[in-house]
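Being a predicted model, the structure only gives us computed values, none of them experimental.
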Amino acid sequence: MNTPVFALVDCNNFYASCERLFRPDLAGRPIVVLSNNDGCVVARSAEAKSLGIKMGVPYFKIKAAYEQGGGIVFSSNYALYADISSRVMQVLEMLAPRIEVYSIDEAFIDLTGVDKILNLAGFGEEIRQKIFRWIGINVGVGIAPTKTLAKLANYAAKRWPTTGGVVDLTDPVRQRKLLQLVPVEEVWGIGRRLAKQLNQMGIHTAWQLAQANSKVIRRQFSVVVERTVCELNGQSCLALHEQPEPKKQIISSRSFGKRITEFQLLREAVSKYASRAAEKLRQQQQYCRLVQVSVRTSPFAPQEPYYSNAAVVALTLPSADSRELVQAATLGLERIWKPGYHYQKAAVMLADFWPTGTYQPSLFEVQESKPNSERLMGVMDSINRSGKGRIFLAAEGIRQPWQMKRTFLSPAYTTRISDLPRVT
DNA sequence: TCTGGGGTCCTAGGACCC
DNA sequence: TCTGGGGTCCTAGGACCC
């Protein structure tokens, strides 16, 4: 049997690179991309990183100094990133037999058996060159017998430029060398909390974690960390998943551009979120039975009273009808609304999914779905996907003064005809 | 003035059943 | 005096990921 081989391909500074793709004039300039509502820094170009801009820092804290120093800033342009991402993934699908799209900027590739035919590092180099030539995005490639080691190899590919962006970690001697260099918190699956606890146990490097007794680790932590230990030792526990698992919950949540104090406006926002969630639910061809709505004030305003609450509403029958889900969410909101607060964020979560037509109502449940629901929702979705306009429920409000801030938004270069770049 | 959004998995503890 | 054990299901909370 072949030893498994995985590659992890990861786009460098992905959101910042996407923005720069269409702005070659920004070559060499620091770029940051902000989270929704222009809140935090979520991506940085190499230049921004070397200015010391930290991941996740609230933008207002660095804004003055950063902009004065010539830094460039963008609001998140998710339509653009998703489109560039799918182009990158298409190239990978062409080059590799089996791939798992792990996130918007990463994919695992199964290279088991390929090492008999090809030089693995050479294959990694080919991936890098093709994606750069065809899409214009730089990627790093890490290759190893387990996903966790492939992640680590990818980390090395980025951390040390002399690797040329490709690290083949199939050799145990190289594995050991790298593990000894890497701090334990860089290991996939080891976050801040676990790293702190491990440090207290005297485990500071990836190598020390790999050497730990996996049973002891399981007792102290969980099977998850135990698996990580095994994976670091080259024993593959995490398989490649080509097909994404069906979702178990769908969340639509947003902070508001301005604090909300009126029930009417909060209801509009919640209706809009419920309706977005319903749209995603229909995309997955699922029906849901639970709708949870939650609201909160800002946790960062110590002088204001904090309030946060959630309500769950169960539907009698699973539904994917925006009208029913908006109604349920509104009902939940009425239960938890309290006047006098400055609301900063709301969320709608859908759960308890049922695939189309499988739900068995019990003897005493009454079938009372809205007539023509599926056809109506189908028409709504097809209009909204056509790019010609958008129809929505009046409950979502027209002015929507709570909409998120996107001050520095770039054009949707690749997905909206009017935003196509012009060459003059 | 200004602090993201969307997910997953695991565990512990309580309710409940036989 | 003496008060089981095992299983399932559900939920809340905590941890992680990008």
Inset, instruction - Name the closest nucleotide to the A/Lys280 side chain, picking from C/dA15, B/dC9, B/dG6. - result: B/dG6

Inset, instruction - Please indicate whether A/Arg335 has more than 12 foreign heavy atoms, meaning atoms of other residues, nucleotides or ligands, lying under 6.0 Å from its CZ. - result: yes

Inset, instruction - Using a heavy-atom cut-off of under 4.0 Å over every strand shown, decide if A/Val223 touches base, sugar-phosphate, or nothing. - result: sugar-phosphate

Inset, instruction - Quick one: the dot-bracket string of DNA chain B, using Watson-Crick and G-U wobble pairs with both distances under 3.5 Å, [ ] for crossing pairs and | for bases paired to another strand. - result: ....||||||||||||||

Inset, instruction - Identify whether any heavy atom of A/Leu34 sits under 4.0 Å from a base atom; if not, whether one sits that close to sugar-phosphate; answer base, sugar-phosphate or nothing. - result: nothing

Legend entry - Distance-only donor-acceptor check, side chains A/Asn13 and A/Lys49, under 3.5 Å: yes

Inset, instruction - Have a look at A/Asn36 and say if it touches a base, only the backbone sugar-phosphate, or nothing, with a 4.0 Å heavy-atom cut-off. - result: sugar-phosphate

Inset, instruction - Using modelled atom types only, decide if a donor and an acceptor are shared between the side chain of A/Arg29 and the backbone of A/Ile72 within a distance under 3.5 Å. - result: no

Legend entry - Proximity of A/Phe6 and A/Trp188 rings by center, below 6.0 Å: no

Inset, instruction - For A/Asp105 and C/dC17, give me the distance from atom CG to atom P, rounded to whole Å. - result: 14 Å

Inset, instruction - Pick base, sugar-phosphate or nothing for A/Tyr102, based on heavy-atom distances below 4.0 Å to the nucleic acid. - result: sugar-phosphate

Legend entry - Touch class at under 4.0 angstrom, heavy-atom based, for A/Arg218 against every strand present: nothing

Inset, instruction - Give a yes/no answer on whether the side chain of A/Arg259 brings an N or O atom under 4.0 Å of OP1 or OP2 in B/dC2. - result: yes

Inset, instruction - May I have the distance from A/Tyr78 (atom OH) to B/dG6 (atom C1'), rounded to whole angstrom? - result: 9 Å

Inset, instruction - Please work out which of the three classes, parallel, tilted or perpendicular, describes the rings of A/Tyr307 and A/Tyr341, given edges at 30° and 60°. - result: parallel

Legend entry - Integer-rounded Å distance: B/dG5 C1' and A/Met349 CE: 14 Å

Inset, instruction - Identify whether any heavy atom of A/Lys151 sits under 4.0 Å from a base atom; if not, whether one sits that close to sugar-phosphate; answer base, sugar-phosphate or nothing. - result: sugar-phosphate

Inset, instruction - To the nearest Å, give me how far apart CZ (A/Phe256) and C1' (B/dT1) are. - result: 18 Å

Legend entry - Out of C/dC17, B/dG7, C/dC16, whichever nucleotide has its closest atom nearest the side chain of A/Ile251: B/dG7

Inset, instruction - Please determine if a side-chain N or O atom of A/Lys258 lies less than 4.0 Å away from the OP1 or OP2 oxygen of B/dC2. - result: no

Inset, instruction - Ignoring hydrogens and angles, tell me if any N or O in the side chain of A/Ser75 forms a donor-acceptor pair with the backbone of A/Phe408 under 3.5 Å. - result: yes

Inset, instruction - Among the candidates B/dT3, B/dG6, B/dG7, find the nucleotide nearest to the side-chain atoms of A/Lys247. - result: B/dG7

Inset, instruction - Give a yes/no answer on whether the side chain of A/Ser255 brings an N or O atom under 4.0 Å of OP1 or OP2 in B/dG5. - result: yes

Inset, instruction - Check whether any side-chain N or O of A/Asp105 sits under 3.5 Å from a backbone N or O of A/Phe14 as a donor-acceptor pair, and report yes or no. - result: no

Inset, instruction - Give A/Ile250 one of three labels, base, sugar-phosphate or nothing, depending on what nucleic acid heavy atoms sit under 4.0 Å from its own. - result: sugar-phosphate

Legend entry - Contact under 4.0 Å: A/Arg276 side-chain N or O vs B/dG6 OP1/OP2: yes

Inset, instruction - Taking only the side-chain heavy atoms of A/Leu194 (C-beta and beyond), determine which of C/dA15, B/dC10, B/dG7 contains the nearest atom. - result: C/dA15

Inset, instruction - For A/Phe221 and for A/Lys345, locate the closest nucleotide of DNA chain B by heavy-atom distance; then report the residue assigned to the nucleotide nearer the 5' terminus. - result: A/Lys345

Inset, instruction - Report the distance from atom CG of A/Leu409 to atom CG of A/Leu34, rounding to the nearest 0.5 Å. - result: 11.0 Å

Inset, instruction - Using whole Å, report how far CD of A/Glu231 lies from P of C/dC16. - result: 17 Å

Inset, instruction - Find the distance A/Gln249:CD to C/dT11:C1' and express it as a whole number of Å. - result: 13 Å

Inset, instruction - Starting at atom CZ of A/Phe60, determine the distance to atom P of B/dC2, rounded to an integer number of angstrom. - result: 8 Å

Legend entry - Selection from B/dT3, B/dC10, C/dC16 that lies nearest to any side-chain heavy atom of A/Ser222: B/dC10

Legend entry - Nearest-nucleotide 5' precedence on DNA chain B, A/Arg254 against A/Lys405: A/Lys405

Inset, instruction - Identify whether any heavy atom of A/Ser298 sits under 4.0 Å from a base atom; if not, whether one sits that close to sugar-phosphate; answer base, sugar-phosphate or nothing. - result: nothing

Legend entry - Euclidean distance, atom CZ of residue A/Arg192 to atom P of C/dC18 [Å, nearest integer]: 14 Å

Inset, instruction - Taking only the side-chain heavy atoms of A/Ser103 (C-beta and beyond), determine which of B/dC10, B/dT3, C/dC18 contains the nearest atom. - result: C/dC18

Legend entry - A/Asn77 (side chain) donor-acceptor with A/Pro411 (main chain) under 3.5 angstrom: yes

Inset, instruction - Determine the contact category for A/Lys63: base if any of its heavy atoms lies under 4.0 Å from a base atom, sugar-phosphate if only primed atoms, P, OP1 or OP2 are that close, otherwise nothing. - result: nothing

Inset, instruction - Considering only atom P, compute the distance from B/dT3 to C/dC18 and round it to an integer number of Å. - result: 25 Å

Inset, instruction - Go through B/dC10, B/dT3, B/dG5 for me and flag the one nearest to the A/Lys61 side chain. - result: B/dT3

